[in-house]
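Notes follow once the structure below has been shown.
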Amino acid sequence: MMSLPPVRAQISFDVFNGDADGICALHQLRLDTPRDAILVTGVKRDIQLLEQVQAQSGDLITVLDISIDANIVALKRHLEAGAKIVYFDHHTAHHSIQHPNLTFFWNDSSDVCSSLLVNKHLSGKYIAWAIVAAFGDNLFDVGRALAKEHGFSEVQMQNMCELGSLLNYNAYGEDVRDLHIHPAVLYQDVHTYNEVDDFIHCSQSFPKLQSAYAEDSVFSQQIRPTYTGKLASIYVLPDEPWARRVSGLFANQLKTQAKDQSFAVLTPKFTDGYVVSVRSAQPEKQPASGLCVQFPTGGGRSLAAGINHLKGNDFENFRKEFFAYFEPHQNFE
């Protein structure tokens, strides 16, 4: 008589973007519903994370802050295998599907991030961590408004803003070799603390990232635009680890300093081409994602979007398309 293969025990996977939004979204969920799970994450641009999961029937997969469009093939595979998936995201979802095993929380409004979707789902139980994520995701007005609404002091609000920025800073790099702390390790450290203030004052990660960012910021202060128009500019960063680390915060700082300007920040990759970050001054009329999706590996949301790999020979085409998109009445030939 043939024996059946042993049945594997149910496995849980927590799949999350390695930036502030992904880390804080997962932290809120696991504070509310503790669960032993395999952590799947990486640098901010490592978004096809569902490809790394090998799921079977009955497995539980929680997905946070990665585009469903970039993961649709793997998502369908896991659903067909019988896995149950809960998905929170705020990026483009043109290829979203309905399935009895998929619960999809989604909103791509320019004032929403994945942690805010989780916060709403949990009825505001861990609002401080959602505020940290909002600041980290460049939603400064949203973060400030929520901090005031919930009675946080000015000092607490500044601390949450700094923490969000540092968590986001740590996620930028070509791969994890560029990062100061692996996102999975950073999440595990964050998850040790229920309160934001306790993490800031007791964790070793916070001062480590503070010191690292201060060093990298000295270099970033020397950056000047490579191409400039009346309403938009392109910055091409040097091929250095510090440049890859500061690229995201640098783009956010540009947007904060000149809200009426649109920007592109290009960071050289290890081999060929660039990683591109785009910020739009008019996300409703000129969504950043509208430009980026014109290129392979491009996507994002209306306020902030990017291209994971712009090939070197596509640079000139990107330059023309960027200015044609944000300054259509100017001639940049």
Side-chain angles (χ1 to χ4, degrees), residues 17-20 42-47 136-138 164-181 183 209-229 231-259 261-281 288-289 291-292 294-301 303-323 325-327 332:
N17 197 313
D19 68 357
V43 298
K44 184 176 179 68
R45 296 293 187 180
D46 190 1
I47 58 171
D137 223 33
N138 202 35
S165 296
L166 290 175
L167 293 177
N168 227 40
Y169 156 73
N170 184 70
Y172 280 89
E174 178 81 12
D175 62 28
V176 293
R177 289 174 293 176
D178 280 334
L179 309 187
H180 295 290
I181 307 172
L209 293 178
Q210 270 187 319
S211 176
Y213 180 61
E215 292 180 11
D216 284 349
S217 294
V218 174
F219 295 107
S220 67
Q221 293 170 7
Q222 314 301 319
I223 301 172
R224 297 294 180 267
T226 309
Y227 301 96
T228 304
L231 300 174
S233 299
I234 294 176
Y235 290 76
V236 181
L237 303 189
D239 185 7
E240 298 287 349
W242 68 262
R244 293 189 286 270
R245 289 193 293 264
V246 304
S247 59
L249 287 188
F250 180 69
N252 290 343
Q253 288 170 356
L254 291 174
K255 195 70 209 69
T256 301
Q257 293 165 3
K259 294 185 177 181
Q261 294 281 311
S262 297
F263 302 97
V265 177
L266 280 69
T267 310
K269 293 177 68 69
F270 286 157
T271 52
D272 168 70
Y274 305 86
V275 173
V276 182
S277 295
V278 176
R279 302 291 184 269
S280 173
S289 56
L291 171 68
C292 293
Q294 298 177 36
F295 297 85
T297 75
R301 49 198 175 91
L303 181 66
I307 304 169
N308 288 335
H309 185 191
L310 178 72
K311 294 182 179 179
N313 57 11
D314 283 340
F315 173 83
E316 187 60 22
N317 182 42
F318 173 81
R319 183 186 71 83
K320 291 179 180 179
E321 292 298 327
F322 174 83
F323 284 112
Y325 188 80
F326 289 113
E327 301 201 30
F332 286 91

Contact summary for [X] and [Y], nearest pair of heavy atoms:
| X | Y | answer |
| --- | --- | --- |
| Leu249 | Ser165 | CD1-O, 3.4 Å |
| Leu166 | Leu209 | CD2-O, 3.6 Å |
| Val276 | Arg45 | O-NH2, 2.8 Å |
| Ala243 | Leu237 | O-CD1, 3.6 Å |
| Glu327 | Leu231 | OE2-N, 2.6 Å |
| Ser262 | Ala281 | OG-N, 2.9 Å |

Distance from [X] atom [atom1] to [Y] atom [atom2], nearest 0.5 Å?
| X | Y | atom1 | atom2 | result |
| --- | --- | --- | --- | --- |
| Leu310 | Arg319 | CG | CZ | 13.0 Å |
| Phe326 | Leu291 | CZ | CG | 5.5 Å |
| Glu215 | Gln210 | CD | CD | 12.5 Å |
| Ile47 | Asn308 | CD1 | CG | 4.5 Å |
| Phe322 | Phe263 | CZ | CZ | 8.5 Å |
| Asp216 | Arg244 | CG | CZ | 11.0 Å |

Validation: residues 267-275 side-chain donor-acceptor distances under 3.5 Å, sequence neighbours left out:
unit_1	atom_1	unit_2	atom_2	d
Lys269	NZ	Glu174	OE2	3.2
Asp272	OD2	Gly312	N	3.2

Is there side-chain contact between [X] and [Y], with at least one heavy-atom pair below 4.5 Å?
| X | Y | result |
| --- | --- | --- |
| Asn252 | Asn168 | yes |
| Leu254 | Gln261 | no |
| Val43 | Asp178 | no |
| Ser289 | Cys292 | no |
| Tyr169 | Arg245 | yes |

Between Ser277 and Gly248 (side chain of the first, backbone of the second, donor and acceptor by atom type, cut-off under 3.5 Å), is there such a pair?
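Answer holds: no.
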
Does the side-chain contact (heavy atoms from CB on, under 4.5 Å) test come out yes or no for Ile307 and Val278, once each step is laid out?
CA-CA 8 Å; Ile307 304 169; Val278 176; 5.8 Å; no

Are the aromatic rings of Tyr213 and His180 close, with centres under 6.0 Å apart?
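For Tyr213 and His180, the ring centres are not under 6.0 Å apart.
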
Aromatic rings Trp242 and Phe219: how do their planes relate, parallel, tilted or perpendicular, breaks at 30° and 60°?
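Taking Phe219 first and then Trp242, their aromatic rings lie parallel (interplane angle under 30°).
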
Among Asn17, Asp19, Asn170, find the one that has a side chain to side chain donor-acceptor pair (under 3.5 Å) with Lys44.
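Testing Lys44 for a side chain to side chain donor-acceptor pair (under 3.5 Å) against Asn17, Asp19, Asn170 leaves exactly one candidate, Asp19.
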
